[in-house]
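Read through the structure below, which is laid out as structure tokens, and then see the notes.
Scope of the values below: all heavy atoms of this structure, side chains included, with no hydrogens, waters or symmetry mates. Each chain gets a letter, A, B and so on, in the order its sequence line appears, and its residues count up from 1.
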Amino acid sequence: MTLSRRDILKIGGAAAALPLLGGTAFAQEKLKVGFIYVGTINDNGYNYGHNQGRIFLQDALGDAVETTYVENVPEGPDCERVLRELAQQGNKLIFATSFGFGDAVIKVAAEFPDVKFEHATGYMKADNVGLYNARFYEGRAVCGTIAGHLSKTGKAAYIGSFPIPEVVMGINALALSGRRINPAFTVKPVYISTWNDPAKEGDAARALIDQGVDIIAQHTDGPAALQVAQERGIVGGFGQGADMSAFAPEAQLTAIIDHWGPHYVNSAKAVIAGTWTAGDTWEGLKEEVVQMGAYNKKIPADVVADAEKIRTGQIDGSFKIFTGPIKDNTGAERVAAGVAMTDAELLSMDWYVEGVGQPV
Amino acid sequence: MQFRLEKRAEPSRFMLYATPVGAVILTMIVGAIIFSLIGYDGIGAVREVFLTPLTNAYKWQDLGIKAAPLIIIGTGLSIAYRANVWNIGAEGQFVVGALAGTWVALATYTMSGPWILPLMILAGVVGGALYAAIPALLKTRLNVNEILTSLMLTYASIQLIYYLIRTVWKDPMGIGFPQTRRFAASAQLPTVIPHTIVHLGVPIAIVVALVAWFIMSRSVFGYRMRVVGAAPHAARYGGFSENKTIWLAMLVSGGLAGLAGVLEVAGPFQRMVPGFATGYGFTAIIVAFLGRLNPLGVIFAGIVLAITFVGGEVAQTTIKLPDAATGIFQAMVLFFLLAGDILVRYRIRRVVTTPAGAA
């Protein structure tokens, strides 16, 4: 991990400052931090990414925190029970890491006003419920650039979970950036109604490849689709949430890596310091919450250079993928030339850009 | 040396009821050994999975709401299985019952009144029964195996959820997330104990099991189901129509699964979501067998399975046991139960083969 040296310095600095705080710092109890994941930490994708964030937090703050996680928590009443369980066991900061936990978080948060909750990718806030999210779409814009260059058939597919704005945004970013390179580039979205079901993800990938797709992007949690891409020898796909090259060394062109650790550290520090407030953060490549994996060796240098331009452009703010003119897939103009979409517009996006097939 | 299984003339009645208890105890012992061997705190695992949910009063309410659907579905299945009708698709009937209830809740969204909830429950029972009627019809008319059809219809029912919540039932305020809107107050199942999450479904589950026990042991209907299952030839001779029995078994088990479904959607969920089907209908199969196909036993078995779910989560948070451990414990209970059953019904005899030429 590239950040480790900096963190050691940080921790060292914190340790040096400790004596200045006197006895109170030592008298303080450990902050218990709970995490709930919708899938298993071994999915090598989204949930793995969150768990890496938890480990990052534990390593960074050491004895100041005690972290616990519960995996495979269904999005429904079971989640409510797990949240209550974590709160009753004394966790004062709880991260609910999947969209569908929203109802349960709001309900349980009302019963435990002294516990801070943070809900990833959600939209419902409360006094003790903060939101945090990552600009995954910035990574999709890099992926789309590579896809536009490399796809021979000009057809890409996007295996999604549910048609929520976060996923719609990803599909649109992939299509917009692919079409900047190849105006005939199209994206076919398929929704499988789950975040994590390797059998369904694999089946969808197989069916799409049979339809002539040679690039597969996914917004589901595991590497199943990439494994199919590897097996069938298509141009490739992209790791989601974590580097999946171990599963598909040829097929993974690059990966969108979620790096939640620094956010978890900041939140835990804020709770310990008593300065936590219900935030609403949406960070991306610039803050390194979203990172790109290594580019596959088979990608030509000029394509890598183009992809890097998009990546660095989004970091320094010179490039925004959702800048007009943007037409939707019925041909109507949605965003005027030169206008960049606002965050509010992005977070309620429910239409597809030109070149995206209407999902059934 | 060879062994042979020999049928016992009369299985011990004591053993018949002791086996489920023995299976649970064996699961704890073997579980502790296995988890110790692979490097976890094995005794701690068993304590957290099986005992903490019982000793912590906070957990009782969780046990109640987790056990309620298992008991209701398990009761229906125990009646059907008694009659040798193998309804494996309770999960699908659970889903369709919930969808029927959701339909009523959404259709009456702007209305209020105490009649809405009973109407939803009625719709749920009818929905579940109608969905179970499909395998019943195929079985009685075309002699299609009900195990296959009822199981396949489960997957169809889940696609039906996806279809409805993505199109006509989509929450207008849900920023595109495929789920229905939250039910209005009149369509939500009330809690029965103030300041807890224990909803009306919990007492209903107990009443359903008690009524079913009474009917199965004291009525002609119960007698019929038991005789058809235990002695099909005698039943036919006695004038009990086989087809009629299949219909009754499927409708009762489907109707009860539908009841569990509507109580679940109106209680803990309060809206239809894509993840509604979490496997209660399949777990209830274990519950029915662990309960010895007896509604009173089903209450006990439903609570045991609920303990493993709730305890599995406790073990994850307290001793970092992986989630898969819950599945291992549940599977071991069923394994030891079935293995125990063999020994209760059969005895193992050593077969002594006399060497050729001797004597």
- Message: Does any part of the side chain of B/I197, heavy atoms only, come nearer than 4.5 Å to the side chain of A/R84, both counted from C-beta?
- Response: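 When only atoms from C-beta onward are counted, B/I197 and A/R84 do touch, with a gap below 4.5 Å.
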Exercise. Do A/Y191 and B/R166 have side chains that get closer than 4.5 Å, going by heavy atoms?
Worked result: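 Touching, per the 4.5 Å side-chain cut-off.
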Nearest non-hydrogen partners of [X] and [Y], listed with the distance:
| X | Y | value |
| --- | --- | --- |
| A/T67 | B/K320 | O-NZ, 3.2 Å |
| B/Y58 | A/Q88 | CD2-NE2, 3.2 Å |
| A/K200 | B/Y162 | NZ-OH, 3.7 Å |
| B/E264 | A/P77 | OE2-CG, 4.2 Å |
| B/P268 | A/K107 | O-NZ, 4.1 Å |
| B/K66 | A/D78 | NZ-OD1, 2.6 Å |

Quick check on A/Q89 against chain B: is it the side chain, the backbone, both or neither that has a heavy atom closer than 4.5 Å?
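For A/Q89, the side chain is the part near chain B, not the backbone.
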TODO: Name the region of A/S193, side chain, backbone, both or neither, that has any atom closer than 4.5 Å to a heavy atom of chain B.
DONE: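 The answer is both parts of A/S193.
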Can you confirm whether [X] is buried at [atom1], in the sense that more than 12 heavy atoms of other residues, nucleotides or ligands lie under 6.0 Å from that atom?
| X | atom1 | answer |
| --- | --- | --- |
| A/K188 | NZ | no |
| A/W282 | CH2 | yes |
| A/Y48 | OH | no |
| B/L51 | CG | yes |

Can you tell me which portion of B/Q61 sits under 4.5 Å from chain A's heavy atoms? Options are side chain, backbone, both or neither.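 Neither part.
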Interatomic distance, [X] atom [atom1] to [Y] atom [atom2] [nearest 0.5 angstrom]:
| X | Y | atom1 | atom2 | value |
| --- | --- | --- | --- | --- |
| B/E313 | A/R81 | CD | CZ | 4.0 Å |
| A/I36 | B/T317 | CD1 | OG1 | 12.0 Å |
| B/T318 | A/E85 | OG1 | CD | 7.5 Å |

Q | Residue, of A/V82, A/D103, A/L86, A/T40, that accumulates the most heavy atom pairs under 4.5 Å with chain B | A |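 Ranked by heavy-atom pairs under 4.5 Å with chain B, first place is A/D103.
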If you count heavy-atom pairs under 4.5 Å with chain B, which of A/P163, A/G100, A/S348 comes out on top?
->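 Max contact count across the listed options: A/P163.
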| query | Short question: side chain of A/E75, backbone of B/G275 - any donor-acceptor pair under 3.5 Å? | reply |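 Not a single qualifying donor-acceptor pair exists.
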With chain A as the partner, which of B/R271, B/Q270, B/R182 has the greatest number of non-hydrogen pairs under 4.5 Å?
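Max contact count across the listed options: B/R271.
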>> Test of understanding: with side chain to side chain contact (heavy atoms under 4.5 Å, CB included), list the residues that count as partners of B/V104, not counting sequence neighbours.
In response: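 Partners of B/V104 by the side chain to side chain contact (heavy atoms under 4.5 Å, CB included) criterion, ordered by chain and then number, come out as B/T108, B/L119, B/M120, B/A123.
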